[in-house]
2 protein chains.
Amino acid sequence: MFSSRLDKFIRSYPNFPKQGILFRDIMPVLGNPELYAELIENMVSSPIFNEAEAIVSIDARGFLLGSSIALKLSKPLITARKPGKLPGELWENSYNLEYGSNSLSIQKDALNNSHNKFAIVDDLLATGGTVECVSNILKSAGKQVIGLCIAIELRELNGRSRFSFPIDSQISY
Amino acid sequence: MFSSRLDKFIRSYPNFPKQGILFRDIMPVLGNPELYAELIENMVSSPIFNEAEAIVSIDARGFLLGSSIALKLSKPLITARKPGKLPGELWENSYNLEYGSNSLSIQKDALNNSHNKFAIVDDLLATGGTVECVSNILKSAGKQVIGLCIAIELRELNGRSRFSFPIDSQISY
């Protein structure tokens with residue numbers, strides 16, 4: 001799905017957070033209530049969520065979208081967080097980012113239930129390292145990834161080629 | 001406002017993220033759609049939001065609440081983020097945390113408008129260092145802080161004594 005209206009409100013910053021990266025900033029959309037509502041409505045209408053039993057949103061910009069989507073759909077919200085942020089026993093995995101590397105964790109308690117089918121929500125898909133990391137955590141825990149919903153997709157980086165599950169994006173570059 | 005029902009679902013972790021800190025974990029509430037909806041409804045009903053022209057949510061757990069509140073109230077959502085996360089020109093300020101120190105930033109573009117009255121949203125109020133940091137940024141930008149809405153308040157740390165604006169919490173310890 002491509003929305004040229006939302007597209008106009010994404011700001012682009014060359015060489016952020018480091019040289020050679022063109023950063024696409026979703027914040028102006030969130031700062032406009034009509035645009036933010038439109039983005040969430042568009043994302044919520046993705047067929048990926050029909051089958052999903054729970055939503056995993058990724059630290060931290062993914063939280064800005066995943067929480068509203070989970071609330072609207074009345075589905076459990078689970079967070080994949082950066083090191084040192086989640087208490088308790090964790091599923092952990094590391095990944096290579098477009099710039100640098102990092103690891104993500106999900107609380108074991110959050111996956112210790114009858115839900116099997118998870119949709120992943122984030123703000124942006126670049127090379128797909130972050131999403132692959134979350135997907136691997138879910139698989140390690142015996143869970144199934146139903147699909148990925150993101151606001152912005154950087155198609156030239158071809159992150160979607162890493163995944164066999166469906167991917168819905170609202171704005172593409 | 002005190003909700004004993006939500007209170008029961010907050011998990012407590014002694015000595016996290018460091019020795020001597022009792023961490024109150026809101027994630028089990030977010031993992032239960034009914035409880036999460038109840039928490040957001042309770043927060044949204046705070047009179048603090050009546051006068052607020054925009055909502056500032058704090059990186060990263062504050063995003064999980066501030067985004068849904070902004071969407072429900074159709075108010076602009078602005079983020080206060082950790083170092084290196086926001087592109088463009090920034091208002092910055094540093095603060096002392098219950099454990100360690102950090103700094104937060106808000107994009108100048110996000111405050112470069114006619115909104116003057118801001119409500120701050122976060123998950124938890126401890127000593128109040130984070131909120132004071134955001135409040136100072138807003139004041140530096142010539143803006144007014146209308147109040148603070150948090151899910152959890154650690155009353156024994158008396159963070160609210162630092163602030164002259166109203167503070168609404170849903171769960172107190």
Side-chain angles (χ1 to χ4, degrees), chain A residues 11-18 21-37 39-41 54-55 57-79 81-88 99 106-107 109-113 115, chain B residues 11-18 21-37 39-41 54-55 57-79 81-88 99 106-107 109-113 115:
Chain A
R11 259 190 314 234
S12 299
Y13 292 90
N15 302 315
F16 184 88
K18 73 168 202 182
I21 304 294
L22 180 59
F23 187 85
R24 305 289 186 172
D25 186 18
I26 200 172
M27 294 307 177
V29 171
L30 306 190
N32 180 317
E34 273 180 42
L35 297 176
Y36 180 42
L39 174 62
I40 295 296
E41 284 306 324
I55 289 161
S57 72
I58 302 178
D59 196 344
R61 279 187 301 268
F63 292 177
L64 295 164
L65 305 172
S67 55
S68 293
I69 291 168
L71 187 65
K72 276 209 172 266
L73 296 175
S74 287
K75 296 191 191 262
L77 177 66
I78 289 155
T79 57
R81 297 214 63 190
K82 291 164 190 164
K85 296 296 183 185
L86 287 172
Y99 32 87
I106 295 177
Q107 289 176 310
D109 277 356
L111 299 181
N112 192 14
N113 51 43
H115 305 311
Chain B
R11 260 191 314 236
S12 298
Y13 292 89
N15 303 316
F16 184 88
K18 73 168 201 182
I21 304 294
L22 179 59
F23 188 86
R24 306 290 187 171
D25 185 19
I26 200 170
M27 295 305 178
V29 171
L30 305 190
N32 180 318
E34 274 180 42
L35 297 176
Y36 179 41
L39 174 62
I40 294 296
E41 283 307 325
I55 289 162
S57 72
I58 302 178
D59 195 345
R61 279 186 302 267
F63 293 177
L64 295 164
L65 305 172
S67 54
S68 293
I69 291 168
L71 187 64
K72 276 208 171 266
L73 296 175
S74 288
K75 295 190 191 263
L77 177 67
I78 289 154
T79 58
R81 297 215 62 191
K82 291 164 189 164
K85 296 296 181 185
L86 287 173
Y99 31 86
I106 295 178
Q107 289 176 310
D109 277 356
L111 299 181
N112 191 14
N113 52 44
H115 305 312

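First the proteins, then the strands, lettered A, B, ... as listed; each starts at 1. What's counted below: heavy atoms across the whole structure, side chains too, no hydrogens, waters or symmetry copies. If you're wondering where the values come from, they're calculated on a predicted model, not measured in any experiment.
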Determine, step by step, whether B:D109 and A:R11 satisfy the side-chain contact (heavy atoms from CB on, under 4.5 Å) criterion, reporting the C-alpha distance in whole Å, the side-chain angles of both residues, the deciding distance to 0.1 Å, and the verdict.
-> CA-CA 11 Å; B:D109 277 356; A:R11 259 190 314 234; 2.7 Å; yes
Checked B:S68, B:P87, B:S67 vs chain A; the most non-hydrogen pairs under 4.5 Å come from B:P87
Between B:E34, B:K82, B:H115, B:R81, the one whose heavy-atom pairs under 4.5 Å with chain A are most numerous | B:R81
So which heavy atom on A:Q107 is nearest to which on B:Y13, and how close?
-> NE2-OH, 4.1 Å
Minimal non-hydrogen separation, A:P17 against B:G84, with atom names | CB-O, 4.4 Å
Pick from B:I40, B:L30, B:L35: which one has the most heavy-atom pairs with chain A under 4.5 Å?
-> B:L30
Which one of B:A60, B:A70, B:G62 has the most heavy-atom pairs closer than 4.5 Å to chain A?
-> B:A60
Chain B contact via A:T79 - which portion, at a heavy-atom distance below 4.5 Å | side chain
Of the backbone (N, CA, C, O) and the side chain (C-beta and beyond), which part of A:Y36 lies under 4.5 Å from a heavy atom of chain B, both, or neither?
-> both
Search all heavy atoms of A:G66 against all heavy atoms of A:S57 and return the closest pair with its distance.
-> CA-CB, 3.9 Å
What closest approach, in Å, do B:R61 and A:K85 show between heavy atoms, and which atom pair accounts for it?
-> NH1-O, 4.0 Å
Part of B:L86 within contact of chain A (heavy atom distance under 4.5 Å) = both
Under 4.5 Å from a heavy atom of chain B, the part of A:A110 involved = neither
